Chemist: 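Below is one structure. I have some questions about it.
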Amino acid sequence: MAAASRARVAHLLRQLQRAACKCPAHSHTYSQAPGFSSSEKTTDYAFEMAVSNIRYGAGVTKEVGMDLQNMGAKNVCLMTDKNLSQLPPVQVVMDSLVKNGINFKVYEDVRVEPTDTSFKDAIEFARKGSFDAYVAVGGGSTIDTCKAANLYASSPHSEFLDYVNAPIGKGKPVSEPLKPLIAVPTTSGTGSETTGVAIFDYECLKVKTGIASRAIKPTLGLIDPLHTLHMPSQVVANSGFDVLCHALESYTALPYHMRSPCPSNPITRPAYQGSNPISDIWAVHALRIVAKYLKRAVRNPDDLEARSNMHLASTFAGIGFGNAGVHLCHGMSYPISGLVKTYKAKDYNVDHPLVPHGLSVVLTSPAVFTFTAQMFPERHLETAEILVCILCLLGADIRTAKIQDAGPVLADALRKFLFDLNVDDGLAAIGYSKADIPALVKGTLPQERVTKLAPRPQSEEDLSALFEASMKLY
Ligand SMILES: NC(=O)c1ccc[n+]([C@@H]2O[C@H](COP(=O)([O-])OP(=O)(O)OC[C@H]3O[C@@H](n4cnc5c(N)ncnc54)[C@H](O)[C@@H]3O)[C@@H](O)[C@H]2O)c1
Ligand SMILES: [Zn+2]
C-alpha cells in the first residue's frame, strides 16, 4: 500500500474509534486513563463470538439418543449428580439412549459446586472409559465437570494445572480436538451449555478458579423447559440471580477494544473479551426476561411460562457473558463460596456446607454497581430502568434520574429485588464478619481474568470497602 493511502486508512480508523461512543466509559478521556494510553496501542481491536449449537423445545431431550446415533457414537459417558440421577431429566435421557441402542456408562458422582478433587475423579473415569461422546445432564456443576473430563481425557498426558487459568494454573491454549459433548441444563442459571468455561473450587487456596477455552464448549445444548418444573424454589432463585449478574456484568464490562493485551495469535484471544455489540444484545434481552419472570418462576413451580422463559434467559445471558465476560460480582464471589464455613443452603440436597454460586454473586451486586457506575453511568441507568420499569418496583421514574445517581439507583433496584425474594441480608447472614475481609480480598486478587474486565480498576482498599459494604444489604 502506498504511504498516502496507509495514512488515509490510519486517519479513518482514528476517526471511527473517536466516533464509536461518547459515553464516559468509551470516551476519549477514559481511554487515556493509565494503562490505556493510545500511544502504547496494546489493546485489542477484534472480538469473536463462539456459541454452542442450541436446540430449544419442551420435551426436546428425547432426541438425544438420535443425536448420538447421528454422530456415530458407540461408547457414551453420561454425567450427572446423585440428586438428579433419581429425577426425571436423567431418566428421560437414559430412555432415549436405550431406545436408540446407544451403549453408555453413568457417572453420578459430580459434586455440587465442584472442586479440583471432584474434577480429577471425573477425569479419571473419563480417561479409563475411552468414551467417544459425552452427555451432561444437570446444572453448571455437572456440565462444567463434564467439560473438564472431556478435555483431560482428550489430552491424556496433560497435568491438571496445564489448562487452568493463570495465575493459578498455566492457562495453556487447548490444541487437541475434544469429543462431542451434549449438555442438557436442568437449572436456569449458568448458561454453561453455551460457554467454554468450567469452574471449580481449588481446595488448597480455598478459591474458585476455572478453565476457559472456546475448545471446551459443548457441541450442542438441549434446552428443555420441562426439566425446570422439578427445580426447588431456592435453586430457581439462586440460579436466576446468576443470570441477572451475568447480564449486568457482561453489559457493564470493559469494552473489548479497551482490553489488553492484543493477542498476537487468535488462539490466545480470551473467551472473556469485554463487552461488545453482539454480547450486549443477549445481555439486555436476558435482563428483560429476568425482570419479568424470575419472581414468578421462584414463587410458583407450576408456572411453565415463567420457568421456560428463565430457562431461555439463562442461555441468552450465557451467549452474552460467554463472549464478553463477567467482572467484580463474579471475581468477588469465588472466595465467598470457597471460604464457606457452615452455611447450608435451603433446598440443596448435598452433605457439605455450600454458598450457591448465584447467591455468592448477587450479594455484592449493590455495592459493586455503585462502585462501577461512574465509568459507565448510561449503561448502569439503562439496566436499572429495565429492572424497575418492568417491575414498577420503586415507583420512581428512572428516566428523570440524574446520570451521577446511576450507581445508587441500580443498587436500590437490586436491593428491592432481593428483599422481595427473601434473600439473606448480606454476607453477614451467610456467616462472614469484618474479620474475614482480608481473606476475602486475598481470594479475589488472583481472579484477574474477570476483575480486570471491570470498567473501573480496583485497589485492595476498594475491594475491602466493597466486601464491607456487602455485609448487610437492607
Ligand atoms: N461454566 C460456566 O459458564 C458457569 C457459569 C456460572 C456458574 N458456573 C458454575 O456452575 C455451578 C453452579 O451450577 P448451578 O447453579 O446450575 O447448580 P448446580 O449444578 O450446582 O445444582 C444445584 C442443585 O440443584 C439440583 N438440581 C439441578 N437441577 C435440578 C432440577 N431440574 N430439579 C431438581 N434439582 C435440580 C442439583 O442436584 C444440585 O443439588 C457452580 O460451580 C458455578 O461456579 C459455571
Ligand atoms: Zn455465574
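Hydrogens, waters and symmetry mates are skipped; everything else that's a heavy atom, side chains included, is used. Start at 1 with the first residue, then count along the sequence. Remember, predicted model here, so these are calculated numbers, not experimental data. First listed ligand is number 1; within each ligand, the first listed atom is number 1.
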Chemist: Quick one: do the His330 and His246 side chains pair a donor with an acceptor below 3.5 Å?
Modeler: yes
Chemist: At distances under 2.8 Å, what protein N, O or S atoms surround the Zn ion (ligand 2)?
Modeler: Asp242 OD1, His246 NE2, His330 NE2, His357 NE2
Chemist: Under the side-chain contact (heavy atoms from CB on, under 4.5 Å) test against Arg55, which residue among Ile223, Leu222, Thr61 passes?
Modeler: Leu222
Chemist: Tell me, yes or no, whether the heavy-atom count around Lys442 atom NZ, taken from other residues, nucleotides or ligands under 6.0 Å, exceeds 12.
Modeler: no
Chemist: Do Asp162 and Lys172 meet the salt-bridge criterion of a basic N to acidic O distance under 4.0 Å?
Modeler: yes
Chemist: Take Arg296 and Asp303, measure what salt bridge (Lys or Arg N to Asp or Glu O under 4.0 Å) needs, and give me the verdict at the end.
Modeler: CA-CA 7 Å; Arg296 275 174 53 183; Asp303 190 337; 2.8 Å; yes
Chemist: Any chance CD of Glu460 has more than 12 other-residue heavy atoms, nucleotides or ligands included, within less than 6.0 Å?
Modeler: no
Chemist: Measure the acute angle between the ring planes of Tyr107 and Phe125, then classify it against the limits of 30° and 60° as parallel, tilted or perpendicular.
Modeler: tilted
Chemist: Can you name the residues that come within less than 4.0 Å of ligand 1, going by heavy atoms only?
Modeler: Asp81, Asn83, Leu84, Leu87, Val112, Glu113, Pro114, Gly139, Gly140, Ser141, Asp144, Lys147, Thr186, Thr187, Thr190, Ser192, Thr195, Val197, Ile199, Lys208, His227, His230, Met231, Pro232, Val235, Asp242, His246, Phe321, Tyr348, His357
Chemist: Below 4.0 angstrom, N of the basic side chain to O of the carboxylate: do Lys416 and Asp420 qualify?
Modeler: yes
Chemist: Just wondering, are more than 12 heavy atoms of other shown residues or ligands nearer than 6.0 Å to CD in Glu203?
Modeler: yes
